[in-house]
**Q** 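Dropping the structure in here first, questions after.
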Amino acid sequence: MAERFKTVFPDCFSSALKQVAREQGFTEGLYRLESEAGSSVGDGFAGDLVKVHIRETGRELVVLCKLLPENELRKQQGVSLFDRESEAYIKILPLLLKFQRDKELPEGLPRFNNVPRCYFAKTAVDKMESVIIMEDLRLQAFRMWDKANPVNFEHARLLMLTLGRLHAISFAMKDQQPEEFAPCREFSDPMTKMLALDPKGTFKKTMAEMCRRAIDTLEQHDTFRREKLAQIQDCCLEEIEACVDGKAAEPYAIIGHGDCWSNNMMFQYEEDDKTPKTIKLIDWQLSRYGSPVLDLVYFIFNCTDEELRSHSYQRLLSIYYNSLGEHLHNLGGNIERQFPRSAFRDQLKQFGRYGLLIAMMILPIICTPNNELPDADAAMEELVKEDASGNSEVNFVYGTTEKAAIRYRERMAGSIRDTIRFGYI
């Protein structure tokens with residue numbers, strides 16, 4: 001990564017760093033900035049990460065800066081997602097966390113504080129500029145799970161507890177302070193906004209091809225499941241749009257993370273270095289107002305495997321639901337009134353297929369080891385090429401190497417079998 005590291009930064013980046021340095025008490029003219037690459041290949045798909053040391057005699061602050069990619073195609077695709085993440089860090093999360101803080105929960109009660117500190121976030125869509133500056137969690141021994149391996153029960157359990165608390169704040173605030181909560185209702189799905197800028201229907205074609213590829217992971221003789229999937233093959237995009245519609249999830253819609261897979265969370269461990277004790281949710285680029293179950297099925301059908309789901313699927317849902325109920329109670333709400341178990345089951349029936357629809361898109365990436373990942377710029381250019389007659393064709397560059405293909409076949413087929421077994425499609 002070092003040799004690809006850029007040294008010329010946009011002006012908005014420099015002025016943002018100056019503002020952070022000033023706000024954090026560094027002396028104008030006495031501090032210096034030193035930068036280095038902020039991530040490994042394969043860690044971030046939507047942008048570039050730069051690690052910056054702000055140094056002055058006797059003190060140092062290390063921050064992680066997220067910038068739009070230089071590649072024009074990726075920049076155009078990414079700017080609306082950066083805009084969403086900026087809003088999440090500057091507006092929506094502070095609103096929810098202030099509501100929780102104002103409750104003055106007794107010491108010792110769990111609360112949701114599982115986001116990195118954000119020092120600065122601003123996106124100018126018209127200028128195609130964006131900077132997000134956060135703490136570097138790695139300095140507190142947080143690290144990512146290796147995305148290529150299915151997550152184990154302990155990691156999944158910790159996420160379920162955390163999502164329960166995050167969603168509980170929305171349920172409580174929506175009920176107790178509806179006017180203050182109003183901006184959250186406007187936080188509609190950013191991906192569907194992005195797809196509205198896709199006049200050639202490229203993404204629709206891509207989804208149909210991804211669904212075809214998913215069907216091919218099933219045995220030839222498995223005609224029942226193959227036919228089930230074939231029914232949605234040409235309307236995957238519409239199915240996704242129906243799932244992320246916040247109005248369709250009412251009165252139970254909440255602010256969710258929106259992009260709940262293992263690369264978007266970091267863990268801190270007990271002394272055994274195996275048992276996770278703290279989790280932070282990063283990358284809020286797809287955060288939205290929608291059904292609470294979207295975060296759950298996104299994670300479970302993409303980051304766990306068929307074996308874990310066979311004995312722990314219902315258990316994980318219960319851990320989530322109990323955590324939600326407990327935190328909602330602590331915030332002055334009532335789960336039986338606001339989100340009864342029957343409503344939870346109905347939401348899973350209505351939106352549970354979302355986990356599989358997302359799996360069609362991201363399992364190929366998850367199953368490709370980092371050292372086999374294609375260059376992100378080239379992958380974007382390659383994804384849809386036009387042939388001589390002007391027709392676009394979909395070219396897959398993820399999940400195609402031998403190792404990745406074996407992993408993908410196993411994980412994808414498992415997700416399909418479970419989605420059908422639970423009655424989601």
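In what follows, every heavy atom counts, from backbone to side chain, and hydrogens, waters and symmetry copies are set aside.
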**Q** In chain order, what residues pass the ring pair (Phe, Tyr, Trp, His ring centres under 6.0 Å) check against Tyr354, with sequence neighbours excluded?
**A**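 For Tyr354, no residue satisfies ring pair (Phe, Tyr, Trp, His ring centres under 6.0 Å) once neighbours in sequence are set aside.
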
**Q** Can you run down the side chain to side chain donor-acceptor pair (under 3.5 Å) pairs that involve residues 239-248, sequence neighbours left out, and say none if there aren't any?
**A**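 Found Glu239-Arg353.
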
**Q** Who pairs with Arg117 by side chain to side chain contact (heavy atoms under 4.5 Å, CB included), at least two apart in sequence or on another chain?
**A**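 Per chain and number, Arg117 pairs via side chain to side chain contact (heavy atoms under 4.5 Å, CB included) with Gln24, Tyr119, Glu135.
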
**Q** Which of these, Tyr298, Phe112, Trp284, sits in a ring pair (Phe, Tyr, Trp, His ring centres under 6.0 Å) with His257?
**A**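 That would be Trp284.
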
**Q** With a 6.0 Å cut-off on the ring centroids, do His167 and Tyr320 count as close?
**A**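 That pair passes the under 6.0 Å test.
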
**Q** If the condition is ring pair (Phe, Tyr, Trp, His ring centres under 6.0 Å), which residues does Phe339 pass it with, not counting sequence neighbours?
**A**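 Per chain and number, Phe339 pairs via ring pair (Phe, Tyr, Trp, His ring centres under 6.0 Å) with Phe171, Tyr252, Phe344.
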
**Q** Would you mind listing every ring-ring contact (aromatic ring centres under 6.0 Å, His included) that reaches into residues 186-228, with sequence neighbours excluded?
**A**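 Every pair satisfying ring-ring contact (aromatic ring centres under 6.0 Å, His included) with a residue in residues 186-228: there are none.
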
**Q** Quick one: side chains of residues 120-128, donor-acceptor pairs under 3.5 Å with protein atoms, not counting sequence neighbours, listed by atom name and distance.
**A**
unit_1: Thr123; atom_1: OG1; unit_2: Phe82; atom_2: O; d: 3.2
unit_1: Thr123; atom_1: OG1; unit_2: Ser86; atom_2: OG; d: 2.7
unit_1: Thr123; atom_1: OG1; unit_2: Ser130; atom_2: OG; d: 2.7

**Q** Sequence neighbours excluded, which residues qualify as side-chain hydrogen bond (donor to acceptor under 3.5 Å, both in side chains) partners of Thr192?
**A**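 side-chain hydrogen bond (donor to acceptor under 3.5 Å, both in side chains) check on Thr192 returns Asp189.
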
**Q** With a cut-off of under 6.0 Å to the ring centre and 45° to the axis, is Arg213 in cation-pi contact with Tyr408?
**A**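 Judged by the rule (NZ or CZ under 6.0 Å from the ring centre, within 45° of its axis), Arg213 counts as positioned above Tyr408.
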
**Q** Considering residues at least two apart in sequence or located in another chain, which fulfil the side chain to side chain contact (heavy atoms under 4.5 Å, CB included) criterion with Ser318?
**A**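 If we apply the side chain to side chain contact (heavy atoms under 4.5 Å, CB included) test to Ser318, skipping adjacent residues, the hits are Asn322, Arg341.
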
**Q** Tell me, which pairs form a ring-ring contact (aromatic ring centres under 6.0 Å, His included) where one or both residues lie in residues 121-146, sequence neighbours left out?
**A**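 Only Trp145-His155 qualify under ring-ring contact (aromatic ring centres under 6.0 Å, His included).
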
**Q** Any carboxylate oxygen within less than 4.0 angstrom of a Lys/Arg side-chain nitrogen, looking at Asp136 and Arg138?
**A**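 Answer for the salt bridge query: yes.
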
**Q** Could you pull out all residues at least two apart from Pro183 that satisfy side chain to side chain contact (heavy atoms under 4.5 Å, CB included)?
**A**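 Per chain and number, Pro183 pairs via side chain to side chain contact (heavy atoms under 4.5 Å, CB included) with Lys91, Ile92, Leu95.
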
**Q** With sequence neighbours left out, write down each residue that passes side chain to side chain contact (heavy atoms under 4.5 Å, CB included) with Asp273, or none if nothing qualifies.
**A**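 Applying side chain to side chain contact (heavy atoms under 4.5 Å, CB included) to Asp273 gives Arg143, Tyr269.
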
**Q** Of all residues at least two apart in sequence or in a different chain, which pass the side-chain hydrogen bond (donor to acceptor under 3.5 Å, both in side chains) check with Gln338?
**A**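 If we apply the side-chain hydrogen bond (donor to acceptor under 3.5 Å, both in side chains) test to Gln338, skipping adjacent residues, there are no hits.
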
